[in-house]
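Please read the structure below before turning to the comments.
Below, chain A is the first sequence line, B the second, and so on; all start at residue 1.
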There are 2 protein chains.
Amino acid sequence: MADVAAEAHVSVKTVSRVVNHEPGVRPDTAERVRAVIERLGFRRHDGARLMRQGRTFTIALVVEDLANPFYSQVGAAVEREARIRQHQLITASAEGSPSRERAVIEALVNRRVDGIVVVPADESASSDAVLEASHTPIVYMDRPVRGTPRDTILSDNHGGIRSAVEHLVAHGHRNIAFYGDDPAFWTARQRRDAFVATHEGLGLPGSPRVSMGPHSSGSVQETLVPWSRGPEPITAVITGNNRITLAVLLALREQRLPLSLVGFDDFELAALIDPPVTVVHQDPAAMGQKAAQQLFARLLGDESPAQTVVMPTRLIVRASGLRRAALNR
Amino acid sequence: MADVAAEAHVSVKTVSRVVNHEPGVRPDTAERVRAVIERLGFRRHDGARLMRQGRTFTIALVVEDLANPFYSQVGAAVEREARIRQHQLITASAEGSPSRERAVIEALVNRRVDGIVVVPADESASSDAVLEASHTPIVYMDRPVRGTPRDTILSDNHGGIRSAVEHLVAHGHRNIAFYGDDPAFWTARQRRDAFVATHEGLGLPGSPRVSMGPHSSGSVQETLVPWSRGPEPITAVITGNNRITLAVLLALREQRLPLSLVGFDDFELAALIDPPVTVVHQDPAAMGQKAAQQLFARLLGDESPAQTVVMPTRLIVRASGLRRAALNR
DNA sequence: TTGAAAGCGGTACCAG
DNA sequence: CTGGTACCGCTTTCAA
């Protein structure tokens, strides 16, 4: 900028005015400056600018794994909201490690990002002190965190599972098993608890048959086989997420068990499997959008108390929830 | 930092030394400084630091759509390489628009990112001037660009298609159709050309039956039905990408056509469809990793001529490539 | 309408 | 081992 100023025989301040389209520059002066800018290929150094202004026009997203379709859809939505507002997005993976997450967040705070959206690795709020001291706004997604109340965007796990159970019951199922993921995950526990509660609420027979992961096709079969034989054999299965749905589908195929199924999380090509898989759909794009919007509201000065938003799920009925007898007719 | 210096009765330079673990500070002085840092909750402002140092320790990834599984896997790989090297990653979507891509790249250059990986929207190299003037290293991915030679990471489209044709021929197919995506895409044209070349190279009968998109299940059926009836009916189909594979699968199901299939791009649950889908797998994670590695090599001063790397594809044989007669036995 | 000087928060360089 | 000072590239403030 100094170069441009010298070349155009004006002060840096005038160049600055031209670059930022500030008023109060004579048109011919402005034109002369622009010509020099063009000739020298000058580009404003946004780092310096933003440092002076105290904001970075950057937000960050911290997730477990960017390659996971759930997170990548969240990422796309957050990036879109950021772009609309002239902000840039830094994305970082914590790989499910709380310590790495903490390190990542500290690095982001050191960079003075304006705000952070994070899918927390655990509930420990290990970055609370840093965030508090730096006044960096944060929005948690998908899972809540202990400690200081913060804006949090969750999925309606309970409602989703309930709709799955009710759907199966409406189609005549009474004996339904639930396969969930590792109970270390908050969402896995939520969905399990929702299943048990709904099971009892509807007065289904016996005690709820629940198997928590981590699961593979093999580990699923260990309970799937006895449960579908013995007395009161199960006729349907509900799964706690994408990964478990896959394991159960493989297990059903391997054992040639004609059980009905409702999965949590929609997945690509669920409609092409035979029979097409009925799922509880959560909307990662909507969640990401909501999280980003909430973050920007804070950046714009919203000082209202932290709020938790529960995003609705939607049952996508295909065919796997019907009774197999009905399907074959 | 000035506050810390004042409080600890040392100069800012000494604080700087402590913060950066530079040698030449007496242990007790360092300890005193650290105590003040802790008490005041001081955190180094990386923006200021990086501005002085002239590097930002930031690289960027520009793609069409972060939610697309191909790009999100690339993104995860690039982020990982960046993180290993203490860099952060800015991700941006250009939504397939060359003008938006140009704007995004200019913004990134203004931020002085150290380098950029981009999946270009078209071949026009519209950002060439900016990149040239700013000396920002760039690596192109998946598609080449005209103009100044640049580092480029491509997938072996030709080899992939050839392996698909050869696989089908080995299983007795002679009449094979190709469904590709919109020929506006460089990769779509590459794969089409590879099909035609292989078709001729192997001396398959008649002229190659090719239908380019954009395709839906409906548009596929328009040619699929006549081609599988008339004289020399096709017995197999090759698809040019993920999206087309889906359209063809739906079309085959709708028309109850028992054709064999090899798809380009692997996809989630391809193994669970009946019959399991044989695919040409390209490795987005490996491509992203390679691109990032190439970029960092440039950042470390590699001045060798720009190179184009073609990453191998791999045929994942499941069952859909067999003749249906064989399958039913 | 224009410019000089201070300062954002650090680091580089050199002196003590 | 420690400190002073210039300076990175821009914006802010105030004066001309």
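- OP1 or OP2 of C:dG3 lies within a sub-4.0 Å distance of a side-chain N or O belonging to A:T14.
- At the phosphate of C:dT2, neither OP1 nor OP2 sits under 4.0 Å from any side-chain N or O atom of A:S11.
- Across the protein-nucleic acid pair, B:F57 atom CZ and D:dC8 atom P stand 20 Å apart, rounded to whole Å.
- The number of heavy atoms from other shown groups lying within 6.0 Å of CZ (A:R83) is above 12.
- Under 4.0 angstrom from either OP1 or OP2 of C:dT2 there lies at least one side-chain N or O belonging to A:T29.
- Judged by distance alone with a 3.5 Å cut-off, no donor-acceptor contact links the side chain of B:R49 to the base of C:dG9.
- With hydrogens and angles left out, the side-chain atoms of B:Q294 and B:D151 include a donor and acceptor closer than 3.5 Å.
- Of the candidate nucleotides D:dT2, D:dG3, C:dG10, D:dG3 has the atom lying nearest to any side-chain atom of B:K13.
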Restricting to nitrogen or oxygen on both sides, can you table the protein-nucleotides 14-16 of chain C pairs closer than 3.5 Å?
none

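- Between A:R52 atom CZ and D:dG9 atom C1' there is a gap of 11 Å when expressed in whole angstrom units.
- For the pair A:R85 and A:F296, the cation-pi criterion (under 6.0 Å, within 45° of the ring axis) is fulfilled.
- Spacing between atom CZ of A:F42 and atom C1' of D:dG9 amounts to 8 Å, rounded to whole angstrom units.
- Distance from the side chain of A:M1 is smallest to D:dT11 among D:dT11, C:dC8, C:dT11.
- Using a 4.0 Å heavy-atom distance criterion, B:R112 is classed as making no nucleic acid contact.
- At the heavy-atom level, A:D46 lies nowhere under 4.0 Å from the strands shown.
- Within 4.0 Å (heavy atoms only), B:R55 reaches no atom of the nucleic acid at all.
- Rounded to an integer number of Å, the gap from CD of B:E22 to P of D:dT2 is 13 Å.
- Looking at A:R43 and B:N110, their side chains do bring a donor and an acceptor atom within 3.5 Å of each other.
- A:S304 and A:D302 share a donor-acceptor pair across their side chains, judged by distance under 3.5 Å alone.
- Within the 4.0 angstrom heavy-atom criterion, only backbone atoms of the sugar-phosphate kind lie near B:V10; the bases stay farther away.
- Here D:dC8 presents its P atom at 18 Å from NE2 of B:H45, a figure rounded to the nearest Å.
- If you take CZ of A:R111 and P of C:dC8, they are 22 Å apart, rounded to a whole angstrom.
- None of A:T136, A:I116, A:L299, A:V139 except one satisfies the side-chain contact (heavy atoms from CB on, under 4.5 Å) rule with A:I59; the exception is A:L299.
- Between B:R26 and D:dC1 there is no side-chain N or O to OP1 or OP2 distance below 4.0 Å.
- At a cut-off of 3.5 angstrom, counting only N and O atoms as typed in the model, there is no donor on one side facing an acceptor on the other between the side-chain of A:R44 and the base of D:dC10.
- For B:L50 and C:dC8, the CG to P distance is 19 Å, given to the nearest whole Å.
- There is a side-chain donor-acceptor pair under 3.5 Å between A:R111 and B:Q88.
- Side-chain atoms of B:S93 and B:D65 form no donor-acceptor pair, as typed in the model, at a separation below 3.5 Å.
- Here C:dT11 presents its C1' atom at 7 Å from CD of B:Q53, a figure rounded to the nearest Å.
- The side chain of A:A48 lies closest to D:dG9 when the candidates are C:dG7, D:dC7, D:dG9.
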